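Inspection log for the structure reproduced underneath, given as C-alpha cells.
Just so we're clear, the structure is a prediction, and the values are computed from it rather than from any experiment.
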Amino acid sequence: AALGGTDSSQHDWVDGYFTTISTKIGGQWLGVWMVLASGVTQLALFEAEMTADALQINGMANRGLLPKLFSRRSRYRTPTY
C-alpha cells in the first residue's frame with residue numbers, strides 16, 4: 001500500500017522508513033502513532049523473550065543442568081531467582 005501511495009522507490013526503504021511513509025500518507029499524527037506502536041511492540045517482544053529465557057533456565061535447573069538456585073518458583077508458578 002505504501003509503495004502505491006507514494007512516489008518512493010524500493011531503495012528508499014531503510015530503517016525507520018515506515019514512520020516516514022506513514023507521515024507522508026496520513027500526516028503527522030499517523031507518523032507519531034507509528035513510532036508509539038513500534039515502541040510498544042519492541043517492549044512486548046523484549047518481555048516475551050525474557051519470559052521464554054526464564055522458563056528455559058528454570059527447566060534446565062529442574063533437569064540438573066544448572067544449579068538448583070534457578071529452579072525456584074513463586075506462588076504464581078513463575079520462575080524467581
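The list of side chain to side chain donor-acceptor pair (under 3.5 Å) pairs with a residue in residues 39-60, not counting sequence neighbours, reads N58-N62, N58-R73. The ring pair (Phe, Tyr, Trp, His ring centres under 6.0 Å) contacts involving residues 25-80 comprise F70-Y81, where partners must be two or more places apart or lie in separate chains.
Taken to the nearest 0.5 Å, the CE atom of M34 stands 12.5 Å off from the OH atom of Y17.
The shortest non-hydrogen separation linking A54 to P79 is O-CG, 3.8 Å. Across all their heavy atoms, G31 and S22 have their closest contact at CA-OG, 3.6 Å.
Under the rule for a side chain to side chain contact (heavy atoms under 4.5 Å, CB included), the partners of T23 that lie at least two apart in sequence or sit in another chain are T19, Q28.
With side-chain heavy atoms closer than 4.5 Å counting as contact, directly or through intermediates, V40 stands alone and belongs to no larger hydrophobic cluster.
For T78 (side chain) and S74 (main-chain N/O), no donor-acceptor pair under 3.5 Å exists by modelled atom type.
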